[in-house]
Amino acid sequence: MSPWFAKKLKTISPKKLGKYLNALFFGISLVAVLSMVYGLGFSQPPVIRQILYWVYLTAIGGGAVSTLSRYIFTERLPSPKVRAVDAFLFLFLALLLLQRAGWVNIPVLAGRPWLYASILLIFIREFSALNVDFYHEYLNPAQLFIASFISIILIGAFLLILPKATYSGISFIDALFTSTSAVCVTGLIVVDTGSYFTEFGQWVVILLIQAGGIGIMTFTSYFSYFFRGGSSYENQLLLKDMANLEKAGEVFSTLKKIILLTFIIETIGAGVVFLSLEESPITSTSEKVFFSIFHSVSAFCNAGFSTLENSLFEPGYRFLYPLHITIAILFIIGGIGFPIAFNFFKYLKHIFYRQILRVENHYLPWIININTRIVLATTSILLLSGTALFYFFEYNNTLAEHRGVGKLATAFFGAATPRTAGFNSIDTAALNLPTLMIVFLL
């Protein structure tokens, strides 16, 4: 080492060196993500695939080193929660590297998806560690909100036009429309999602739905706050306006609740959907898992996208009533909004303490606020009246092929899906005119 370089290195504080390392490892993770997109989106000869594989391993090794370096080149240790997450991430990355080196044999980690998942985790971790601030003089909350949606739509369109995202290619207009529909969770499609897009393309669609459903700013802002341990007051004011909150101090606790509740409900929903596929035409476990994840996310985000050509009216699925009810419950919960869901789960927590654990001093008056009461009452009235009218008008029409409880389940689904869910379990074109008018009103 030259004396000049050694002298220069001594003048750099550990904090500044840590920032340089953060920027370096973020650059490595970004290259790995772009390489992953190239690898998944294009066909390559074996030599290029091998090069990409080593890029992935380099990024994983860099992620492990980066995790350790944060605790060496720092003046203040992160919070215990961040340390726990970093410990899990480091262990996961270390096991992946040992698995690829042949020093350990963990069959569950042998697949390529774990490589891709680890690269995404590293990228999120490295991006969250960057000191990125948003300033009002550049973008106000409304402009930033619109810019984030436009950016993710354009990125999604670019990913959908990659050769390996579709079986026979897609025009940019169709890709842009699909990406916009997924991010804005409208459910409108110009090509059949299940038969037109490959598994990679369908994963892109579901990630776009998730980004649009949660909000890309919600996701990135919370994880930046979580890993960095703080945020500027200006950022909190900006996010307060975007999230429509009354207090700036509630911003990150609310964002955390939104992300946790979303993933908890979608995970439970995917599990129930998986169990309801026992009599479906799908025989492969991996295909059932993907079907469950896709439809749980699509339903909770009210996106209406399905891998089935005719949605839930597809032969082999139109009589799977547990599947229909599960999907309906998911898009009803997702449609009523997070404030209502938070208040309702607070009530369930209260019932759990009072009725099951018998905690006598756990008394909270007026748990269900007036807003929740109005929304739940209105939703219940619309669902019950809609189900009854749908059942009456379609009894001998679209419900004729169903029997007993099946008629009620299908009528309930038909009354619930007009709340912008986008799914269908009957032939919508065959509905009677009075039913169509009810659907318009709902």
Keeping the roles fixed (side chain from [X], backbone from [Y]), state whether a donor-acceptor pair exists under 3.5 Å.
X	Y	answer
Gln202	Gly194	yes
Asp192	Ser195	yes
Arg49	Gln44	yes
Ser179	Leu176	no
Ser380	Leu376	yes
Tyr196	Gly169	yes
Ser296	Glu266	yes
Ser298	Phe305	yes
Asp86	Thr67	no
Asn302	Ala299	yes

Check your understanding: Phe290 vs Phe294 aromatic rings, parallel, tilted or perpendicular, using cut-offs 30° and 60°?
Key -> tilted
Exercise for review: Mind telling me whether Phe123 and Phe127 have parallel, tilted or perpendicular rings, with 30° and 60° as the class edges?
Suggested key: parallel
Among side-chain atoms of [X] and [Y], is any donor-acceptor pair under 3.5 angstrom?
X	Y	value
Ser306	His295	yes
Glu126	Ser66	yes
His324	Tyr317	no
Thr307	Thr193	no

Gap between atom [atom2] of [Y] and atom [atom1] of [X] - 0.5 Å precision:
X	Y	atom1	atom2	value
Ile119	Leu57	CD1	CG	8.5 Å
Phe90	Arg125	CZ	CZ	13.5 Å
Leu323	Leu277	CG	CG	6.0 Å
Lys164	Tyr38	NZ	OH	10.0 Å

Close side-chain approach of [X] and [Y], heavy atoms under 4.5 Å:
X	Y	answer
Arg419	Ile336	yes
Trp54	Ile51	no
Phe291	Leu308	yes
Arg100	Leu115	yes
Thr285	Phe274	yes

Practice item. Could you walk me through whether Glu394 and Lys407 pass salt bridge (charged side-chain N to carboxylate O under 4.0 Å, His left out), step by step? Key: CA-CA 9 Å; Glu394 295 297 317; Lys407 285 184 181 289; over 6 Å; no
